[in-house]
Structure formats: C-alpha cells, structure tokens
Amino acid sequence: QHVMIANYGSGNVNVFSLNSDGSLNQLVQNIQHLGGSVNPDRQKGPHAHQVIFNPSGTYLFSNNLGTDLLYAYRYNPGKEQPLEPVDSILMEKGGGPRHLAVSASGEMLYVLQELTGTISIVRFKNDKLTLAGQSSVITKKGKAGAADIHLSPDGKFLYATNRIDFNDITAFKLKSSTELQMLEQHSTAGDAPRNFMITRDSRYLLVGNQRSNTIVVFERNQRSGRLKDTGFRIPVPAPVCHLEF
C-alpha cells in the first residue's frame, strides 16, 4: 500500500501512498534523521542509505551512513502515518552503515559498514535492536568501500562486496546466526562492485562493476557456498542495481 524511499543527500525517509492501480499518490510521512558522526568527509550530516522490510512486512529498517545509526520502524499500513519508530542502535563509530541483509525469521540483521568494511550482526527481538556479533570483509591494508550484502536463499551463507582498493566479493558461512566463518574472497574482475544479486534458483551470483561497465557472472556451489567465475560478462553502462523478475 506504500512506497518507502531513503534519501541519501537530505538524510530522511519518505512514505508515499499508492493508488489502486499501483501508481504513486502522495507523500504521507517524512521522517528526518538528525546528527552526524566522526568521519569529517562523509558524516557531517545524516545520510539515509537504505530502507528494507523484514520478510513479514511488519517492520522497516533504515541504515544511516552519516549518523552510524540503524533505525527500526513498525509498519502500520492502516494508519495515517504508517511508520512508528520503535528503536535505533549505534553501529561502529565511523563505520557508515550502508546495506543490511535480513534473516528469514526477521530476527537477525547483518549490517555492512561502507567506511570500515565491518559487518555488524544485530538481533531484533521484542522491538529491540542489540549487537550480537561482528565480522569484516577486510583482510589486508587499503581503503574500504564496502557496498552490498546478501544472504543466500537457504540462509546458510552470506556475501558482501568491497570497492575502492579491493574490488572483491567475500563469502561467509553462517556457523551460527551470530558467527560468520570466512570461506573465500574473489576479485570481481572489474572496478567498483556496487551491487550484486543471487538468482532465485541459487545457482548464480551476478556482480555489477559500476566503473568498468560489466556484470560478472559467478557460478555458486549451493552446498559449499563457494563461487567460481564463469568467465561470462554482460556489458552494461555503470550498473548500480539489478533484480531478478
């Protein structure tokens, strides 16, 4: 019944109602995030980077790269203002939370920090956000530009991309809901892997290299979680987001 939008530049979250034919109706709610954090170049003010629902559609989460905060909202589609704030939590200072992946239960959130490459593992239960663990995509010195993060469809593996000095994708196995085991890292064979997706059949993982204008296709071993570069490339100008329909 609504469309939610994260606005990076202005640091706010918008909610639009929909007409019966699915077209946009009007802005019904604006939530302005406030503050900043410790990175003088990237965190002078709020930068809402993502909004994402839990699987049941009852809660919405928003990462703010500028404030280092993760926000949780209860979604009530019948109310005049559908989003009700329930909690927020400080991630790593200077980390810059960018994207997160939500477990099938909606209880575990895996939050990727763009500026440090940290993955913060957050439990969401009884309307409360609590830190439950931590990992990282960083294995050597360099400037991080961590970008996208997704769970495999079976929830057993986690993947995350990193740009700037790295241009790689890291595969993790979930030893438990709060502990990640790094399996491997692969070059994305391009520049700036900003977004990736796993196909619904779990067989392939496609990475979009924004600055080298290619989508790189990896074959995915569904039992081990490991990736193999197929050598297949799809030329696309500056791919930044792709979804399977």
Side-chain angles (χ1 to χ4, degrees), residues 1-8 13-28 48-63 73 75 77 82-83 98-106 108-112 114 146-163 169-172 186 188-223 225-245:
Q1 298 182 44
H2 297 90
V3 169
M4 280 66 172
I5 299 173
N7 297 302
Y8 181 86
V13 173
N14 290 154
V15 183
F16 286 86
S17 61
L18 295 177
N19 296 310
S20 59
D21 63 357
S23 59
L24 286 178
N25 186 0
Q26 61 183 344
L27 178 68
V28 296
H49 206 291
Q50 182 192 37
V51 285
I52 183 171
F53 277 102
N54 69 341
S56 67
T58 52
Y59 289 92
L60 185 83
F61 305 105
S62 179
N63 300 308
Y73 302 92
Y75 175 54
L83 294 183
R98 177 183 173 91
H99 281 187
L100 66 80
V102 188
S103 68
S105 68
M108 302 307 302
L109 313 176
Y110 302 89
V111 186
L112 184 62
E114 176 176 335
D148 203 13
I149 186 167
H150 294 285
L151 285 161
S152 59
D154 61 10
K156 295 180 179 180
F157 303 95
L158 185 74
Y159 302 88
T161 53
N162 193 10
R163 300 166 294 172
I169 184 165
T170 305
F172 297 89
H186 285 275
T188 62
D191 188 5
R194 184 165 175 169
N195 177 246
F196 72 93
M197 57 161 284
I198 301 170
T199 56
R200 287 196 188 95
D201 62 10
S202 300
R203 294 179 59 195
Y204 297 98
L205 186 150
L206 283 68
V207 182
N209 288 303
Q210 179 186 3
R211 292 182 179 172
S212 52
N213 305 311
T214 55
I215 293 176
V216 175
V217 181
F218 288 92
E219 187 176 8
R220 184 178 166 271
N221 187 307
Q222 297 176 58
R223 296 187 66 181
R226 294 181 181 272
L227 302 176
K228 180 182 178 181
D229 189 344
T230 65
F232 188 64
R233 307 289 186 263
I234 305 170
V236 177
V240 296
C241 186
H242 43 293
L243 302 169
E244 183 180 13
F245 289 94

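For the single chain, residues carry numbers from 1 onward in sequence order.
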>> Between H150 and L205, is the side chain to side chain contact (heavy atoms under 4.5 Å, CB included) condition met? List the steps.
In response: CA-CA 10 Å; H150 294 285; L205 186 150; over 6 Å; no

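- Atoms CD1 and CG, on I149 and L158 in that order, are 4.0 Å from each other to the nearest 0.5 Å.
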> Could you go step by step and tell me if H49 and E114 meet the side chain to side chain contact (heavy atoms under 4.5 Å, CB included) rule?
Replying inline: CA-CA 10 Å; H49 206 291; E114 176 176 335; 4.2 Å; yes

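- Checked by atom type and distance alone, the side chain of Q50 pairs as donor or acceptor with a backbone atom of L100 at under 3.5 Å.
- In this structure, S202 and P153 approach most closely via the heavy-atom pair OG-CG, 3.2 Å.
- Residues P55 and A104 approach most closely at CG-O, 3.4 Å, considering heavy atoms.
- The backbone N or O of Y204 sits less than 3.5 Å from a side-chain atom of T199, completing a donor-acceptor pair.
- Rounding to the nearest 0.5 Å gives a distance of 10.0 Å between CZ of F157 and CG of L227.
- Although no hydrogens or angles enter the test, the distance criterion places no donor-acceptor pair under 3.5 Å between the side chain of R220 and the main chain of I198.
- To the nearest 0.5 angstrom, T230 atom OG1 is 8.0 Å from L206 atom CG.
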Which pairs of donor and acceptor atoms, one on a side chain in residues 15-23, lie under 3.5 Å apart (sequence neighbours left out)?
{"unit_1": "S17", "atom_1": "OG", "unit_2": "N25", "atom_2": "ND2", "d": "3.4"}
{"unit_1": "S17", "atom_1": "OG", "unit_2": "Q26", "atom_2": "N", "d": "3.4"}
{"unit_1": "S17", "atom_1": "OG", "unit_2": "Q26", "atom_2": "O", "d": "3.4"}
{"unit_1": "N19", "atom_1": "ND2", "unit_2": "S23", "atom_2": "OG", "d": "3.0"}
{"unit_1": "N19", "atom_1": "ND2", "unit_2": "L24", "atom_2": "O", "d": "3.3"}
{"unit_1": "D21", "atom_1": "OD1", "unit_2": "S23", "atom_2": "N", "d": "3.0"}
{"unit_1": "D21", "atom_1": "OD1", "unit_2": "S23", "atom_2": "OG", "d": "2.6"}

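- The salt bridge (charged side-chain N to carboxylate O under 4.0 Å, His left out) test applied to D229 returns R233, not counting sequence neighbours.
- Annotation: the span from R223 atom CZ to K156 atom NZ amounts to 9.5 Å, rounded to 0.5 Å.
- Put simply, the side chain of N54 gets close to the backbone of Y59: a donor and an acceptor are under 3.5 Å apart.
- Nearest heavy-atom pair, G225 versus A171, reported as atom, atom and distance to 0.1 Å: O-CB, 4.2 Å.
- Remark: the N63 side chain and the H99 side chain contain no N/O donor-acceptor pair separated by less than 3.5 Å.
- Annotation: side chain of R194 is in contact with side chain of R163 (closest heavy-atom distance under 4.5 Å).
- Distance alone, capped at 3.5 Å, places no donor-acceptor pair between the N195 side chain and the D148 backbone.
- Not a single donor-acceptor pair under 3.5 Å links the side chain of N7 to the backbone N or O of V13.
- Counting only heavy atoms from C-beta outward, the side chains of Q222 and R203 approach each other to under 4.5 Å.
- Note that CD1 of I215 and CZ of F232 are 10.0 Å apart. Values are rounded to the nearest 0.5 Å.
- Formation of a donor-acceptor pair under 3.5 Å by the Y110 side chain with backbone atoms of Y159 is not found in this model.
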>> Under the criterion side chain to side chain contact (heavy atoms under 4.5 Å, CB included), I'd like the reasoning laid out for F53 against L60: C-alpha separation, chi angles, the key distance, then a yes or no.
In response: CA-CA 4 Å; F53 277 102; L60 185 83; 3.8 Å; yes

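- A distance-only check finds a donor-acceptor pair linking the side chain of S103 to the backbone of M108 [under 3.5 Å].
- Paired with T188 under the rule side chain to side chain contact (heavy atoms under 4.5 Å, CB included), one option of V216, N162, V207 passes, and it is V207.
- Taking every heavy atom of both residues into account, L151 and G155 meet most closely at CD2-O, 4.4 Å.
- Using modelled atom types, no side-chain atom of R98 and backbone atom of L112 make a donor-acceptor pair closer than 3.5 Å.
- From Y73, atom OH reaches atom CZ of F61 across 11.5 Å, with rounding to the nearest 0.5 Å.
- Proximity of a side-chain donor or acceptor of T161 to a complementary backbone N or O of P193 within less than 3.5 Å is detected.
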